[in-house]
Amino acid sequence: GVDAAPFAKWAQVDAMAAGEPRSVQQAQGETQKLEQQTQQARQYLAVPYEQRNAAKAAGALWDKAAKSWYVGPRADAAKLERWKPENVPDQQGPAMMPQEEFADALRSIGCVVSGEHPIMDGKKHRISVEGEKPSEKAGSGFYVGHLDGHPAGYMKNNKTGIDMKWKSKGYTLDPEEKARMAAEAATKLQAREAEQAQAHEATAQRVGRQMADLVPVEQPTPYMQAKGIEPQAGVFTDRAGQKTYIPATDVDGKQWTMQYIQEDGTKRFAKDSRKEGCFHVVGGMDALAQAPALVIGEGYATAGSLSQSLGFATVAAFDSGNLPAVAKALHEKFPDKPVIIAGDDDRHLELTQGVNPGKAKAQEAAKITEGKAMLPIFAPGENSYPAGLPPVIPEKFREHQRTGTALSDQQLAALDHMKGKTDFNDLANKSVLGKEGIDRQVRTAVHDVIEKHQARIEQQQQRVQQQDQPLQPRRAAKI
């Protein structure tokens, strides 16, 4: 039942053993001839992926080199007749421009094509994927497209793990191909999520064991001293009191990861850990339950400064991307508390990347919780680009990253100055406004939110009481 043709080139061994010697040239010539005959004898078939098992059952064999099915030596020719190329209807869609075809391929792996995408300039580009907030400059998708020569490229959906090497074919993907890729993406995503959950659980257990070697912070660590924040319950350090360890938990109190902060402020999280939706409460979860509002910032230093200013527990979400998930989880746990998102004002990124993630994510978190977003307001010139310098735009900044000559030293110094003043901890420690500035801004904004929230609750209670009161019977009029 085996096709002998692929093994024909070794038939010379049997002949030589039978006493029929050949020269090397003769043997090579006969081998090439046999291989050509073998290739010419194979009749290749146009078998769709979904029909491969039926074709295989009818006797079709797979050619790995040609990446195609062909009629095997013991095949049922009548059953394979329908897969002969001349008998398969053309399933290709209408001819497309390379950019349209590339965009269609991006959509097939779950990327959201909008705006100027795809940009086929041979450079790396980020793109949003299905299931996340669309963004023109960021996202969990990635692609590179070339138009020179034969248009080609590469793309990957980092959320599902699906990737594709693409070459222009001049036609669109048919529905069967799209359905197959969608099923593969769903299967891979499910497997990936299961593996990730196992890794997260293993890391949580490992981090829990590490806690036994740590001690509560009693004196400010070097990081706390640099940030001007006092030690709070729930934060740990090593025996020497140099490093800072900040546990991160979910709303149920389970610790999933830990943020490690070195003496110089370098930060990292436990490897293979879950961070999304996890946070640290400055003051502890019990204190947060007693707080009049949910005040959520990005980093621990920001949350620490906010807590010192307000006098009650606050929350650190660790970064801007985690703000919406943390705000949503805590709002669901404490639905009766107003939510205030203390975001970072990343104006330097607005100039260099065209996006202000601190501001955007703070506003997103506030919107989904019906809360309020507040940003620090610095003194004039502290967090703004000097008017006397040539403007910085993302294209110019990317050019500087490639060449190192597109921006002047003065422009770079201005960006670096802006980078150092973005959050409420910077306002308290690096601005001329100082602690009075953060107290004035934060206390006023938070107090206003709490007052309005209490007023709404009282109005709702009054409406409920009015609805519950029995109607008084009307007195009959005298005639």
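Since the structure is predicted, the reported quantities are computational estimates derived from the model, not experimental observations. Position 1 is the first residue of the sequence; numbering continues from there. Heavy atoms only: backbone and side chains are in, while hydrogens, waters and symmetry mates are out.
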*Would Ile261 and Lys243 count as a side-chain contact (heavy atoms from CB on, under 4.5 Å) if you check the C-alpha gap in whole Å, the side-chain angles of each, and the deciding distance to 0.1 Å?*
CA-CA 6 Å; Ile261 306 180; Lys243 298 179 177 62; over 6 Å; no
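- At a threshold of 4.5 Å between non-hydrogen side-chain atoms, the residues Asp163 and Asn157 do not count as touching.
- Remark: the backbone N or O of Lys254 is not paired with any side-chain donor or acceptor of Asp252 at under 3.5 angstrom.
- Applying the 6.0 Å contact sphere to NZ of Lys359 captures no more than 12 heavy atoms from other residues, nucleotides or ligands.
- Put simply, the side chain of Asp423 never gets that close to the backbone of Glu298: no donor and acceptor are under 3.5 Å apart.
- To the nearest 0.5 angstrom, Ser305 atom OG is 5.0 Å from Ile438 atom CD1.
- Using a distance-only test at 3.5 Å, with no hydrogens or angles considered, a donor-acceptor pair links the side chain of His280 to the main chain of Pro247.
- Other residues, nucleotides and ligands contribute at most 12 non-hydrogen atoms within 6.0 Å of the NZ atom of Lys452.
- Lys430 has a carboxylate O that lies under 4.0 Å from a charged side-chain N of Asp426, or vice versa, which qualifies the two as a salt bridge.
- One N or O on the side chain of Asn158 and one on the backbone of Ser140 form a donor-acceptor pair closer than 3.5 Å.
- To the nearest 0.5 Å, atom CZ of residue Phe424 and atom CG of residue Leu306 are 6.5 Å apart.
- Between the side chain of Gln205 and the backbone N or O of Ala202, no donor-acceptor pair lies under 3.5 Å.
- Side chain to side chain, Thr203 and Ser273 fail the donor-acceptor criterion of an N or O pair below 3.5 Å.
- Residues Lys123 and Val144 form no side-chain contact, since every pair of their non-hydrogen atoms from C-beta on lies 4.5 Å or further apart.
- For the pair Asp345 and Arg347, the salt-bridge criterion is met [side-chain N within less than 4.0 Å of a carboxylate O].
- Taking CD1 of Ile377 as the reference point, atom OG of Ser431 lies at 11.0 Å (rounded to 0.5 Å).
- Under the 4.5 Å side-chain criterion, counting only non-hydrogen atoms from C-beta, Phe142 is in contact with Lys124.
- Counting all heavy atoms, side chain and backbone alike, Leu389 lies closest to Gln410 at CD1-O, 3.7 Å.
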*Starting from the C-alpha separation in whole Å, work towards a yes-or-no answer on side-chain contact (heavy atoms from CB on, under 4.5 Å) for Phe279 and Leu330.*
CA-CA 10 Å; Phe279 51 87; Leu330 287 172; 3.6 Å; yes
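- Remark: Arg206 does not engage Glu201 in a salt bridge, criterion side-chain N to carboxylate O under 4.0 Å.
- Of the charged side-chain nitrogens involved, at least one lies within less than 4.0 Å of a carboxylate oxygen, so that Glu364 and Lys361 count as a salt-bridged pair.
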_Test side-chain contact (heavy atoms from CB on, under 4.5 Å) applied to Trp69 and Lys56, step by step_ = CA-CA 9 Å; Trp69 293 91; Lys56 185 177 181 180; 4.2 Å; yes
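- One finds the NE2 atom of His200 at 10.5 Å from the CD atom of Glu193 (value rounded to the nearest 0.5 Å).
- A donor-acceptor pair shorter than 3.5 Å cannot be found between the side chains of Gln255 and Thr249.
- No donor-acceptor contact under 3.5 angstrom links the side chains of Tyr385 and Glu350, judged on distance only.
- Closest approach of Pro376 and Leu427 over heavy atoms only: CB-CD2, 4.3 Å.
- Ring to ring, Phe318 and Tyr300 are not that close: their centroids are 6.0 angstrom or more apart.
- Taking both residues in full, the closest heavy atoms of Gly141 and Val129 are given as N-CG1, 3.5 Å, listed atom of the first, atom of the second, then distance.
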*asked:* Checking Ile127 against Val112 for the side-chain contact (heavy atoms from CB on, under 4.5 Å) test, could you report, in this order, the C-alpha distance in whole Å, the side-chain angles of both residues, the deciding distance, and whether it holds?
replied: CA-CA 7 Å; Ile127 187 170; Val112 179; 5.7 Å; no
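- Taking 4.5 Å as the limit, every side-chain heavy atom of Pro338 sits out of range of all side-chain heavy atoms of Leu294.
- Contact record, Leu407 with Lys396: CD2-CG, 3.8 Å, taken as the closest heavy-atom pair.
- Here the two rings, on Tyr143 and His117, have centers that are under 6.0 Å apart.
- Considering only heavy atoms from C-beta on, Met418 stays 4.5 Å or farther from Phe378 through its side chain.
- When atom types are taken as modelled, the side chain of Asn429 and the backbone of Asn425 share a donor-acceptor pair closer than 3.5 angstrom.
- The shortest distance between side-chain heavy atoms of Ser168 and Glu101 falls below 4.5 Å.
- In this structure, Tyr154 has its ring center no closer than 6.0 Å to that of Trp166.
- For the pair Asn322 (side chain) and Cys278 (backbone), a donor-acceptor distance under 3.5 Å is present.
- Side-chain atoms of Thr314 come within 3.5 Å of backbone N or O of Ala303 as a donor-acceptor pair.
- Contact of the Val295 side chain with the Val315 side chain is not registered, since no non-hydrogen atoms from C-beta on lie closer than 4.5 Å.
- For the pair Tyr223 and Gln262, the tightest heavy-atom approach, listed with the atom from each and the gap, is CB-O, 4.4 Å.
- Of all heavy-atom pairs spanning Leu80 and Gly59, the tightest one is CD1-C, 4.4 Å.
- With values rounded to the nearest 0.5 angstrom, Met164 atom CE is found 9.5 Å from Cys111 atom SG.
- In this structure, the side chains of Pro357 and Leu349 come closer than 4.5 Å at one or more pairs of heavy atoms.
- Atom CG of Leu106 is separated from atom OG of Ser128 by 11.5 Å, given to the nearest 0.5 angstrom.
- A side-chain contact (heavy atoms from CB on, under 4.5 Å) with Phe269 is found for one member of Met258, Gln259, Arg274 and no other, namely Gln259.
- Surrounding NZ of Lys328 are at most 12 heavy atoms belonging to other residues, nucleotides or ligands under 6.0 Å away.
- A donor and an acceptor atom, one from each side chain of Trp256 and Asp250, are located under 3.5 Å apart.
- A donor-acceptor pair is defined here as one N or O able to donate and one able to accept, closer than 3.5 Å; no such pair exists between the side chain of Asp346 and the backbone of Asn356.
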